[in-house]
Amino acid sequence: AAARAAEAGGRAAEAAAGGARPRAVSRAIQARETRKHLKHLALIDRLETVGRAKRNAKLMEKATKLRDDEKRRHDKALARIRRANAANRQ
């Protein structure tokens, strides 16, 4: 929640500055998204490991679904970041 509030504050500052986002800030946003993605994948990997150890097919299927959903979410987030970067370069 605190990260969202900070991000909202950053967007307000960005709007006040005319919408220009410095390149370093965009890289920081992309790095934060990548860290988030890797953390999610680590949790999903753990679920899959537990499912395999307990021979729980349902848990392994759930992990596969979560991995697909996370990949979709991450790709969508990166596309949004890239669009923002492209818009700021013009």
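Positions are given from 1 along the sequence. What you are looking at is a predicted structure, and each value in this text was computed from that prediction instead of being measured.
Among pairs with a residue in residues 42-76, those fulfilling ring pair (Phe, Tyr, Trp, His ring centres under 6.0 Å) read H37-H74, at least two apart in sequence or across chains. Identified under the ring pair (Phe, Tyr, Trp, His ring centres under 6.0 Å) test for residues 41-65, with sequence neighbours left out: none.
Under the rule for a side chain to side chain contact (heavy atoms under 4.5 Å, CB included), the partners of L38 that lie at least two apart in sequence or sit in another chain are T34. Under the rule for a side chain to side chain donor-acceptor pair (under 3.5 Å), the partners of D69 that lie at least two apart in sequence or sit in another chain are K65, R72. A search for side chain to side chain contact (heavy atoms under 4.5 Å, CB included) contacts involving H40 returns K36, E70, R73, not counting sequence neighbours. A search for side chain to side chain donor-acceptor pair (under 3.5 Å) contacts involving Q30 returns nothing, not counting sequence neighbours. The side chain to side chain contact (heavy atoms under 4.5 Å, CB included) check on R35 picks up A31, R32, with sequence neighbours excluded.
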Side-chain polar contacts of residues 46-56 - donor-acceptor pairs under 3.5 angstrom, sequence neighbours left out - could you list them?
from	atom 1	to	atom 2	distance (Å)
E48	OE1	R67	NH2	2.7
E48	OE2	R52	NH2	3.4
T49	OG1	D45	O	2.9
N56	OD1	K58	N	3.1
N56	OD1	L59	N	3.0

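Cluster partners of M60: none. The rule joins Ile, Leu, Val, Met, Phe, Trp and Tyr whenever side-chain heavy atoms lie under 4.5 Å apart, and it links nothing here.
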